[in-house]
Novice: 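Just dropping this structure here.
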Number of protein chains: 2
Amino acid sequence: MATTTAAQRRAQAKAEYDAFLAACPSRQLLDRISDKWVTLVLCALGAGGAMRYSELSRKLAGVSQKMLTQTLRALESDGLITRTVTPTVPVTVSYELTRLGSSLHLTVRALKSWAEANMDEVLARRSPG
Amino acid sequence: MATTTAAQRRAQAKAEYDAFLAACPSRQLLDRISDKWVTLVLCALGAGGAMRYSELSRKLAGVSQKMLTQTLRALESDGLITRTVTPTVPVTVSYELTRLGSSLHLTVRALKSWAEANMDEVLARRSPG
DNA sequence: CGGGATCCGCACGGATACTG
DNA sequence: CAGTATCCGTGCGGATCCCG
């Protein structure tokens with residue numbers, strides 16, 4: 001049928017990715033996004049819209065320039081965020097979620113919220129009787 | 001007021017956890033759960049119910065004994081999974097999600113699914129034109 | 001301001017051997 | 001089967017200096 005479209009074939013291919021398999025590309029992708037700084041960057045950008053480098057640096061307390069830059073570069077190359085340079089003096093750089101990044105933002109935000117919401121319960125179970 | 005109950009004060013405290021802050025306990029918790037092996041273990045247990053050590057080892061292709069054991073111990077001490085030893089010969093050990101673990105499972109499953117569903121798009125953006 | 005480049009410690013994580 | 005113990009490489013991540 002003519003209705004076996006590219007979209008359908010893509011859906012078929014998608015179903016074949018399995019992060020449980022060591023060699024599957026999605027395993028590497030999962031490793032990438034299962035990262036503290038990735039989660040916090042996406043949460044920050046998702047909540048605040050476009051943000052500048054220094055804003056992110058302040059928001060993500062304790063992050064080093066190296067890790068922040070490294071994280072931003074990785075997210076950019078994976079198409080999750082955009083990097084926009086405005087040639088002011090001094091230069092202004094702002095980061096923003098792409099549509100792809102926004103879709104992930106929903107999930108990582110849930111992860112961060114879970115950590116905050118269940119902190120008490122975890123603490124109670126760590127040093128109990 | 002007498003209506004300022006312990007439950008209310010606890011709700012207040014919960015709202016104060018902020019993973020953006022370096023010193024906040026939830027930051028450490030976020031770091032813990034933002035882990036590839038944690039995600040995969042929770043996904044496996046969430047999908048298959050109770051599982052034995054060797055089952056997990058097979059399901060999570062490529063994981064070393066050290067990392068698997070380490071991950072299981074951490075999840076156990078945080079109250080996310082239970083460890084049950086049955087004194088057969090040889091001994092049988094099975095792991096299962098707690099209620100707390102189940103609530104996190106929903107989120108990490110979304111993370112894994114996202115990685116698998118959006119793999120194509122990320123790959124397309126990595127080596128573009 | 002927004003990084004790049006470099007040095008370096010150390011802890012993360014793999015491999016192997018051994019145990020109850 | 002389900003680990004524990006040990007050795008060991010390496011890359012994560014912090015600190016520092018420099019640049020446009």
Side-chain angles (χ1 to χ4, degrees), chain A residues 19-24 27-41 44-45 48-78 81-96, chain B residues 19-23 27-42 44-45 48-78 81-96:
Chain A
F20 280 128
L21 305 177
C24 184
R27 168 72 75 88
Q28 274 84 30
L29 182 56
L30 180 62
D31 200 18
R32 270 272 176 94
I33 63 182
S34 292
D35 179 81
K36 177 177 51 175
W37 300 127
V38 166
T39 299
L40 291 175
V41 164
L45 293 179
M51 292 179 74
R52 298 178 58 178
Y53 182 89
S54 54
E55 288 183 289
L56 283 170
S57 183
R58 255 174 281 116
K59 185 74 177 174
L60 278 66
V63 68
S64 65
Q65 297 102 329
K66 181 179 177 178
M67 289 317 299
L68 182 54
T69 300
Q70 196 170 293
T71 301
L72 291 170
R73 291 286 183 274
L75 290 176
E76 185 192 6
S77 78
D78 281 354
I81 66 175
T82 58
R83 179 175 181 269
T84 308
V85 180
T86 309
T88 53
V89 177
V91 69
T92 302
V93 182
S94 78
Y95 296 90
E96 195 166 7
Chain B
F20 281 129
L21 305 178
R27 168 72 75 89
Q28 274 84 31
L29 181 57
L30 180 62
D31 200 19
R32 270 271 175 96
I33 63 182
S34 292
D35 178 81
K36 177 179 48 175
W37 300 126
V38 167
T39 299
L40 292 176
V41 164
L42 293 180
L45 292 180
M51 292 179 76
R52 300 179 57 178
Y53 182 89
S54 54
E55 287 183 289
L56 283 169
S57 181
R58 254 174 281 116
K59 185 74 175 175
L60 277 66
V63 69
S64 63
Q65 298 101 329
K66 181 179 177 178
M67 289 317 298
L68 182 53
T69 300
Q70 195 170 294
T71 301
L72 291 171
R73 292 286 182 274
L75 290 176
E76 185 192 8
S77 76
D78 281 356
I81 66 175
T82 58
R83 179 175 182 269
T84 307
V85 180
T86 307
T88 52
V89 177
V91 68
T92 304
V93 181
S94 78
Y95 296 89
E96 194 166 7

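Quick caveat, the model's predicted, so the values are computed rather than measured. Per chain, numbering begins at 1; letters A, B, ... match sequence-line order.
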Novice: Roughly how many Å is it from NZ in A:K36 to C1' in C:dC12, rounded to a whole number?
Specialist: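 To the nearest whole Å, that distance equals 13 Å.
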Novice: Over its full length, what angle do the end axes of the helix from C:dC1-D:dG20 to C:dG20-D:dC1 make, each axis taken from five pairs and the result rounded to 10 degrees?
Specialist: 50°
Novice: Of all the choices, D:dA2, C:dG14, D:dG3, which nucleotide is nearest to the side chain of B:S54 once you look at every atom?
Specialist: D:dA2
Novice: Where the side chain of B:W37 is defined as all heavy atoms beyond and including C-beta, which of C:dG14, C:dG2, D:dA2 is the nearest nucleotide?
Specialist: C:dG14
Novice: With nearest nucleotide decided by heavy atoms, which residue, B:V91 or A:E55, maps closer to the 5′ end of DNA chain C?
Specialist: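 Its nucleotide being nearer the 5' end, the pick is A:E55.
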Novice: Tell me, please, which residues at least two apart from A:A50 pass side-chain contact (heavy atoms from CB on, under 4.5 Å).
Specialist: A:E96
Novice: Extract from the structure each pairing of a protein N or O with an N or O of nucleotides 4-12 of chain D at less than 3.5 Å, listing the distance.
Specialist:
{"from": "D:dT4", "atom 1": "OP1", "to": "B:R73", "atom 2": "NH2", "distance (Å)": "3.1"}

Novice: May I ask you to verify if any side-chain N or O of B:R52 is less than 4.0 angstrom from the OP1 or OP2 atom of D:dC1?
Specialist: no
Novice: To the nearest Å, give me how far apart CG (B:D31) and P (C:dA11) are.
Specialist: 14 Å
Novice: Could I get the full list of side-chain contact (heavy atoms from CB on, under 4.5 Å) partners for A:V85, not counting sequence neighbours?
Specialist: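 By the side-chain contact (heavy atoms from CB on, under 4.5 Å) rule, A:V85 matches A:R83, A:V91, A:V93.
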Novice: Using 0.5 Å steps for rounding, measure from the CD atom of A:Q28 to the NZ atom of B:K36.
Specialist: 7.5 Å
Novice: Report the residues that fulfil side chain to side chain donor-acceptor pair (under 3.5 Å) with B:T86, sequence neighbours left out, ordered by chain and then residue number.
Specialist: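 Side chain to side chain donor-acceptor pair (under 3.5 Å) list for B:T86, sorted by chain: empty.
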Novice: For residues B:F20 and A:L60, determine if any side-chain heavy atom of one lies less than 4.5 Å from a side-chain heavy atom of the other.
Specialist: yes
Novice: With sequence neighbours excluded, what pairs up with B:D35 under the salt bridge (charged side-chain N to carboxylate O under 4.0 Å, His left out) test?
Specialist: none
Novice: Can you list every side chain to side chain donor-acceptor pair (under 3.5 Å) pair that touches residues 66-76 of chain B, not counting sequence neighbours?
Specialist: B:Y53-B:T69
Novice: To the nearest Å, give me how far apart CG (A:L72) and P (C:dC1) are.
Specialist: 17 Å
Novice: Can you name the residues that form a side-chain contact (heavy atoms from CB on, under 4.5 Å) with A:S57, not counting sequence neighbours?
Specialist: A:L68
Novice: Atom OH of B:Y95 to atom P of D:dC1: distance rounded to whole Å?
Specialist: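 It works out to 14 Å between those atoms.
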Novice: Salt bridge (charged side-chain N to carboxylate O under 4.0 Å, His left out) with A:K59: which residues, sequence neighbours excluded?
Specialist: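 Salt bridge (charged side-chain N to carboxylate O under 4.0 Å, His left out) check on A:K59 returns nothing, list empty.
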